[in-house]
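Each remark here refers to the structure printed beneath this line.
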Amino acid sequence: MENIRNFCIIAHIDHGKSTLADRLLEFTGTVTDREMQAQVLDNMDLEREKGITIKSHAIQMNYKLDGKDYVLNLIDTPGHVDFSYEVSRSIAACEGALLIVDASQGIEAQTISNLYLALENDLEIIPVLNKIDLPHAMPEEVTDEIVEMIGCKREDVIHASGKEGIGIEDILKAVVHRIKAPKGDPKAPLQAMIFDSVFNSFRGIEVIFRVVNGTIRKGEKVKFVSTGQEYGADEIGILRLNQQPCNEISAGNVGYLISGIKVAKEVHVGDTITNAINPGASLGGFQEVKPMVFAGIYPVDTTEFEELRASMEKLQLNDASLVWELETSAALGFGFRCGFLGMLHMEIIQERLEREFNMTVITTVPSVQFKAYLTDGTQVDINAPSEMPDPTKMDYIEEPYIKAQIISKAEYIGAIIGLCMDKRGIILNQNYLTTDRVEMSFEMPLSEIVFDFFDKLKSISRGYASLDYHLIGFRESDMVKLDIMLNGEKVDALSAIVHRGKSQEWGRKLCEKLKELIPRQMFEIAIQAAIGQKIVSRENISAIRKNVIAKCYGGDISRKRKLLEKQKKGKKRMRQIGTVEVPQEAFMAILKIE
Ligand code: GTP
């Protein structure tokens with residue numbers, strides 16, 4: 001056990017974790033040249049395409065130093081705030097962390113939030129100044145920032161470049177010398193912490209764990225403490241680039257378990273695996289992952305509802321953080337109300353449904369969860385605008401609030417404060433990291449931040465601001481339901497819950513936006529916004545006079561067909577609501593309002 005080191009790599013998004021992990025794997029010969037491809041651990045297609053890490057990945061390396069053989073378990077973690085729960089669980093399985101900071105960017109919001117997570121778990125921090133090959137790298141300034149932030153010595157900061165392979169050996173040496181070997185008793189009753197699970201369509205769920213005490217042996221009966229379920233340890237093994245089965249894994253080490261578990265929900269990250277016959281105690285609780293954003297997902301073609309249900313079920317086997325229930329909409333028919341960790345997660349689910357399951361879906365206006373307190377003393381959760389209770393029966397509403405950390409260049413402070421105030425935020429404090437970089441914290445309603453806040457923040461700061469946030473609770477708020485009517489018919493899938501102070505303006509802007517987005521049809525379309533019985537805005541889309549086909553005067557049949565086909569393609573993401581065809585973009589219109 002004294003030869004094992006468990007460490008993770010934490011950083012702000014894009015600071016180069018995955019690239020650096022590639023170099024470590026190469027250097028230790030864990031992947032051969034033939035197996036090597038960039039960001040080898042990001043094995044989902046989507047991860048490769050978007051260049052981001054969505055899931056954590058664990059991999060074991062062998063490393064020889066001063067004549068001794070070491071086993072290094074590396075856990076790569078995602079940087080995007082939607083997936084920060086993945087980071088926290090990975091951290092809990094390690095004794096140390098490489099904290100990667102991009103030498104051209106400096107410390108960013110998630111650098112700090114991940115560092116705090118690591119410190120809370122008593123991890124040894126190895127600071128790495130990465131991308132020193134960049135011509136605009138600022139090694140001196142950024143080292144100052146790092147020293148200031150973690151209180152280390154300048155010489156503790158390792159200079160590296162994942163791209164050029166600089167500093168890789170120094171990092172490995174530091175891992176061995178500075179990170180403590182794991183503690184634990186291999187003879188004690190088994191206690192292993194689950195820190196991840198992966199779905200494999202052939203082999204079922206693979207559970208990734210760290211053994212804290214005891215030894216897990218192939219073929220034994222194990223029990224998951226939180227559910228009390230027992231499984232046979234059919235296969236256990238260590239994680240190389242491919243899985244490597246073995247007969248036992250002891251305290252301090254990381255491994256996988258395959259035992260015929262079919263559903264991701266049976267596996268709770270943070271749960272304890274123990275021996276069914278000689279059980280050890282639970283290692284402590286785990287946090288359920290809570291969705292932040294809710295939206296409806298509907299098939300474009302109503303006959304595909306059952307197929308969509310089957311696809312959602314399969315996707316959920318794979319992604320335990322996706323939650324959904326049936327929903328019916330007067331406008332869209334049968335569909336699902338889904339909970340996501342954030343907008344990126346929502347986008348990924350939509351894309352996976354389309355790519356992996358060949359479904360064409362409409363996603364409705366995303367919303368956060370509100371809590372309504374009724375005059376009869378009961379409380380209901382509102383996950384969709386259609387669930388908003390009758391205002392006369394309602395005492396008050398609460399909405400979720402977050403605390404946000406924003407780091408930016410000092411020159412953008414004014415613009416950022418302006419933006420946050422416009423989003424109903426309150427500034428809590430400002431703290432200069434260096435003369436030019438400032439950390440600000442705000443309290444703000446979650447509903448104002450999950451949608452397009454980040455894009456706006458990036459644009460007003462010319463890309464120089466970073467954001468991190470976490471929920472702090474619910475607060476009373478004056479929210480109203482804004483309804484949209486098309487030709488006098490209320491379209492439930494277009495309504496939204498908005499703050500009363502902004503509701504009139506939003507009604508007007510939403511009508512204008514919908515006018516742009518809904519294509520002209522054979523008849524006039526009236527778009528109205530209403531709050532309760534009161535119409536607050538109206539726009540008209542005039543009718544098209546001519547039939548498109550009339551343009552090509554009989555004659556050329558292939559041209560006619562082409563035109564029709566073109567129209568059909570355009571229809572792909574359209575839904576017929578009453579008599580009106582509404583494109584996908586219209587459901588997201590409220591997010592595009594300036
Ligand atoms: P997430 O997993 O999405 O959080 O990103 P990451 O931190 O893993 O970053 P990744 O390794 O994907 O690198 C982000 C970008 O920086 C890519 O375009 C890399 O090619 C580039 N990059 C990474 N390391 C270096 C480096 O040392 N020097 C230079 N010049 N570019 C680098």
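What you see below is based on every heavy atom in this structure, not just the backbone, and it leaves out hydrogens, waters and symmetry mates. Residues take their numbers from the sequence shown, with the count starting at 1. Keep in mind that what you see is a predicted model, and the values were worked out from it rather than measured. Ligands are counted one by one from 1 in listed order, and the atoms in each one are counted from 1 as well.
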Subject >> Neighbour count above 12 (heavy atom, 6.0 Å) for N358 CG >> reply: no
**OP:** Mark up the atoms of ligand 1 that fall under 4.0 Å of a heavy atom belonging to I13, in ascending order.
**Re:** 3 (O), 4 (O)
Subject >> Residues N6, I179; criterion side-chain contact (heavy atoms from CB on, under 4.5 Å); working and verdict >> reply: CA-CA 8 Å; N6 297 316; I179 296 174; over 6 Å; no
Subject >> Where ligand 1 meets S18 - atom numbers and elements under 4.0 angstrom, heavy-atom basis >> reply: 2 (O), 6 (P), 8 (O), 11 (O)
Original post:
So is there a nitrogen or oxygen of L134 less than 3.5 Å from a nitrogen or oxygen in ligand 1?
Top reply: no
Original post:
How does D133 reach ligand 1, if at all, at less than 4.0 Å between non-hydrogen atoms: by side chain, backbone, both, or neither?
Top reply: side chain
**OP:** Step through the shown structure and confirm whether more than 12 heavy atoms of other residues, nucleotides or ligands are within 6.0 Å of CD on E164.
**Re:** yes
**OP:** Look up atom NZ in K163 and atom OG1 in T19, then write down how far apart they are to the nearest 0.5 Å.
**Re:** 9.0 Å
**OP:** May I ask you to identify, for I132, whether its side chain, its backbone, both or neither come under 4.0 Å of ligand 1 on a heavy-atom basis?
**Re:** neither
Subject >> Proximity winner for atom 21 (C) of ligand 1, if only heavy atoms of K131, H136, E164 are counted >> reply: K131
Original post:
Is A160 in polar range of ligand 1, meaning some N or O pair under 3.5 Å apart?
Top reply: no
Subject >> Candidates K458, Q110, E108 - the one meeting side-chain hydrogen bond (donor to acceptor under 3.5 Å, both in side chains) with S466 >> reply: E108
Original post:
To the nearest 0.5 Å, what is the distance between NZ (K173) and CD1 (I126)?
Top reply: 13.5 Å
